[in-house]
Amino acid sequence: MSSHSNYNPTNPVEKWFDERLPLIRFSKEHLMDFPTPKNINYWWTMGAVLAIVLVVQIVTGIILAMHYVPNIEMAFDSVEHIRRNVNYGRIIQGTHAVGASMFFFAVYIHMFRGLYYGSYKAPREILWILGVIIFLLMMATSFLGYTLPWGQMSYWGATVITNVFSAIPLVGTPILEFLRGGFVVDNPTLNRFFSLHYLLPFIIAAVVALHIWALHVPGNGNPTGVEVKSNADTIPFHPYYTMKDLFVIVVFFIPFAWFVFFAPDILGHADNYIRANPFVTPAHIVPEWYLLPFYAMLRAVDFDVLFINAKLGGVIVMFGSILILMVLPWLDKSKTRSGNYRPMFKPFFWLFVLNFLMLMYLGAQVAEGIYVILSKVGTAYYFGYFLIVLPILARIETPKPLPNSISESILDKHEAKAAKKIQIGGEGNE
Amino acid sequence: MSKMKKIFSALALSVLLAIPAPTLAAPASGKAPELQKWSFAGIFGTYDTNQLQRGFQIFQEVCSTCHGASLIAFRNLTEAGGPEFPESQIKQLASEYYIIDPELEEGERPAILADQWPNPFATEREAREVNGGALPPDFSVLAKARNLAKKFPMNFYDMATAYQEGGADFIYNLLVNYEDEPPHGVEIADNQQYNSFLGRGIAMMSPLMEELVEYDGDGVPLTVEQYAKDVTAFMYWMADPHLVSRKTIGLNVLIFLSVFALLMYLVKRRIWAGVKH
Amino acid sequence: MATNVKNDPTRRDFLYVTTAAVGAVGAAAAVWPLIDQMNPDATVKALAVIEADLSAIEVGQSVTFKWRGQPIFIRHRTAAEIETAKAVPLEDMIDPQTDAERVIAGHEQWLVMVGICTHLGCVPLGQKPDDLKGDFNGWFCPCHGSHYDSAGRIRKGPAPKNLLVPPYEFMSDTLVKIG
């Protein structure tokens with residue numbers, strides 16, 4: 001891939017350095033000169049947003065760790081100490097807490113973009129799988145972090161989610177005690193959760209590096225799904241996409257700042273301002289909004305299937321809902337990548353999006369009556385989309401004709417626009 | 001042996017009594033809450049210093065006999081964005097309270113500005129014994145530990161208007177909805193009073209009544225509603241003491257981001273002007 | 001119109017320079033809280049200045065207060081101690097200082113010092129009546145044998161400086177504000 005670089009060090013020091021460690025060459029190649037399709041739209045900007053949010057989370061997290069005390073007697077008060085006494089603590093802590101939500105908001109857009117435009121299809125399967133691994137790591141990190149303030153939701157969230165592992169036959173209880181470092185969630189649990197919460201973001205950063213590496217081997221996809229064929233199809237990443245991404249990052253920071261400065265608690269739960277009490281469970285345990293769809297699927301299984309009881313079934317369904325994404329490249333065999341050219345795929349895709357939002361809504365409701373039925377329907381469609389709809393569509397669907405190249409599609413678009421303009425102008429003249 | 005028994009029964013009692021507490025955070029099953037116009041709500045929200053001072057008076061004269069505020073330091077009462085009492089007044093006030101200090105021969109000393117608000121009871125057990133088995137919750141973050149949870153789409157409306165004062169609404173409605181008698185057919189425990197907002201009995205007896213606290217002069221009505229508003233505002237300040245500075249910075253940040261976003265858009269457009277895409 | 005703007009190099013530079021400047025200001029403003037959070041927090045600052053009530057300290061008695069995490073020695077000196085301290089010739093001292101430079105005029109009986117040996121930071125003895133007081137009837141550091149006199153001046157031993165006098169002022173005759 002060194003072919004993209006037009007880096008020619010003239011300065012002898014630079015030259016000397018480049019021969020030994022081509023760091024500048026590498027950066028220029030991948031961050032500046034990298035040939036990127038001309039036609040990728042705003043849905044492709046979330047990658048840059050996510051990178052920035054990861055940096056924000058790591059920086060604010062390291063700062064919070066300077067003031068936080070991972071001990072069940074002091075954790076709650078130390079978080080309050082940060083909010084009340086540390087210089088700018090309320091803003092730094094708020095940024096970290098709201099940042100988790102913003103992170104998931106951006107990652108969902110990023111993932112649905114991938115699902116619509118077929119970003120998981122060959123030759124980008126590894127890129128997609130690495131993305132799913134990042135998503136899993138993000139969920140783990142956010143869960144671990146949510147335990148740290150040691151409020152009621154922290155404690156009971158940790159209790160309920162670690163209990164998920166007790167569903168594993170035979171070794172469930174030993175695993176549970178191993179994870180908690182005790183019979184219940186307690187000080188050893190808090191300590192290790194803090195340690196792991198500090199560790200995981202750096203692992204995420206490493207997987208992100210692999211993710212970008214895997215992206216830069218085949219190069220970016222694009223809304224047509226047609227691969228890059230010539231230099232006419234691409235432009236250098238810098239300044240075109242650096243500036244476009246930066247623009248979106250600044251816009252993204254507006255709702256981010258809105259929550260941090262004006263409603264830092266609105267995305268959380270009031271119960272987490274009550275100190276953890278191992279003897280009293282809050283009336284209504286709800287995970288954070290970004291985990292709700294998966295929580296809804298966990299609860300949707302309230303029946304036994306053969307030798308699998310409801311508890312284990314729910315756990316299998318919950319983990320399965322994410323693991324199924326890993327094999328998605330082999331479930332959807334349609335040669336056409338982009339949803340734009342797949343007339344039958346489109347309605348099913350948008351139904352999938354709506355279904356995901358419905359599951360998010362259901363995850364926050366009490367598990368009763370109509371909500372349970374809808375959760376079951378939603379779960380069925382979630383899996384049905386991957387296991388039935390996509391494989392069948394790949395066989396029966398006739399895609400629209402693809403453009404020969406990216407440049408051609410751009411040309412067509414501009415011609416169509418111009419034609420439309422003339423038409424409108426013509427109408428005006430009549 | 002009997003001591004062990006006592007401890008166990010106290011523990012069992014505390015577990016039982018603590019059970020209703022978290023349900024407070026859930027939507028009330030009683031009558032519909034009356035939402036207030038809080039001065040500190042929304043993006044321009046700011047505390048009314050006079051109201052916080054009145055609220056502190058109620059807290060000090062009425063609530064603080066049973067409720068603690070362990071995360072509040074005396075100095076907080078003088079700080080900008082809070083009740084902003086004169087420092088000398090709070091210094092004097094602090095010196096009337098005693099702080100347990102095992103390092104001293106006397107075991108205690110008068111409080112100074114840097115000290116935290118002392119708890120009214122030394123231990124949880126003592127607090128429960130004095131209050132008929134119920135534990136009066138600490139006020140430090142209570143206004144944020146309660147909420148009137150709103151359903152879709154009102155929760156999105158609250159996000160769009162930056163309204164996160166559900167806890168204040170909860171406390172206000174709790175304070176103004178005590179009834180002398182429970183409605184016909186509703187049974188409550190002996191040491192409880194019926195609250196129509198909660199729709200059930202509560203161990204805290206109605207703490208406010210007309211003309212209970214004498215305000216200094218300024219023509220503020222001495223009603224339960226007014227007292228409830230004032231003390232709720234004070235409790236919200238305790239839970240969120242840096243709200244004013246946070247929102248002020250926030251407005252600047254929003255203005256900055258809007259300008260920067262516009263500039264970035266122009267830059268992006270200029271750069272892309274020559275490229276067909 | 002658009003092409004005109006595009007071809008005008010000054011307009012283009014103006015937009016880029018403005019945007020870069022605004023971005024730089026924003027970045028600096030965002031970085032400051034991340035740095036300032038390491039500075040002493042409100043609880044630390046609240047104890048940066050303490051008030052010490054001297055009314056209960058009798059003549060000849062020493063009391064230790066805590067200030068910024070360090071011991072503060074306050075001694076109510078006897079007339080004899082003041083006389084001895086005043087009488088010492090400056091040339092006999094390692095770190096020459098008159099007694100008047102060690103106290104506040106009008107309050108000569110009160111000696112206020114940071115109780116940390118200027119050698120390597122141990123806390124000298126001499127606060128309690130039965131403590132070793134060294135060769136000069138003041139304070140004695142047991143770590144490396146520094147002797148301080150009744151004005152807290154180093155007279156013998158490895159310490160290079162007299163015991164530090166913190167910034168303080170008298171609010172009244174018996175109330176002193178340290179810090």
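Predicted model, so just to flag it, every value in this text is computed and none were measured. Per chain, numbering begins at 1; letters A, B, ... match sequence-line order.
Aromatic ring centroids of A/F253 and A/W258 lie 6.0 Å or more apart. Taking the ring centroids of B/F56 and B/F85, they lie under the 6.0 Å cut-off.
Each of A/S409, A/P239, A/A257 has some count of heavy-atom pairs under 4.5 Å with chain B, and the biggest count is that of A/P239. Considering only heavy-atom pairs separated by less than 4.5 Å from chain B, the leading option among A/F259, A/Y88, A/F262 is A/F262. Counting heavy-atom pairs closer than 4.5 Å to chain A, the top residue among B/R269, B/K276, B/R246, B/K268 is B/R246. Contact count against chain B (heavy-atom pairs under 4.5 Å) is highest for A/P264 among A/P264, A/A364, A/G89, A/P37.
Between the CZ atom in A/R84 and the CG atom in B/N76 there is a gap of 7.5 Å [rounded to 0.5 Å]. The CE atom of B/M235 sits 7.5 Å away from the CG atom of B/L175 when rounded to the nearest 0.5 Å.
At least one donor-acceptor pair closer than 3.5 Å links the side chain of B/Q164 to the backbone N or O of A/D265. Distance alone, capped at 3.5 Å, places no donor-acceptor pair between the B/T161 side chain and the B/M159 backbone. A side-chain donor-acceptor contact under 3.5 Å links A/Y68 to the backbone of A/L148. A distance-only check finds a donor-acceptor pair linking the side chain of A/W156 to the backbone of A/V280 [under 3.5 Å].
Neither the backbone nor the side chain of A/V248 comes within contact range of chain B; no heavy atoms are under 4.5 Å apart. Only the side chain of B/V253 comes within contact range of chain A, with heavy atoms under 4.5 Å apart. For A/L267, the part lying near chain B is the side chain, with the backbone staying farther off; criterion is any non-hydrogen pair under 4.5 Å. No part of A/P255 comes within reach of chain B, as not one of its non-hydrogen atoms sits under 4.5 angstrom from that chain. Contacts of B/L254 with chain A are made by side-chain atoms alone, with heavy-atom separations under 4.5 Å and no backbone atom involved. Heavy atoms of B/F256 lying under 4.5 Å from chain A are absent altogether. With a 4.5 angstrom heavy-atom cutoff, B/A160 touches chain A only via backbone atoms. At a 4.5 Å heavy-atom cutoff, the contact between B/L251 and chain A is made by backbone and side-chain atoms alike. For chain B, the nearby parts of A/I266 are the backbone and the side chain; heavy atoms of each come within less than 4.5 Å. Contact annotation for B/D158: both backbone and side-chain heavy atoms come within less than 4.5 Å of a heavy atom of chain A. Residue A/I91 touches chain B through its side chain alone, counting heavy-atom pairs closer than 4.5 Å. Residue B/F152 touches chain A through its side chain alone, counting heavy-atom pairs closer than 4.5 Å. For chain B, the nearby part of A/F76 is the side chain; its heavy atoms alone come within less than 4.5 Å.
The two residues B/N119 and B/S70 make their nearest non-hydrogen contact at OD1-CB, 4.0 Å.
Exactly one residue among A/F237, A/Y240, A/W44 makes a side-chain contact (heavy atoms from CB on, under 4.5 Å) with A/D245. That residue is A/F237.
Summarising the local packing, CD1 of B/I100 is surrounded by 12 or fewer heavy atoms from other residues, nucleotides or ligands at distances under 6.0 Å.
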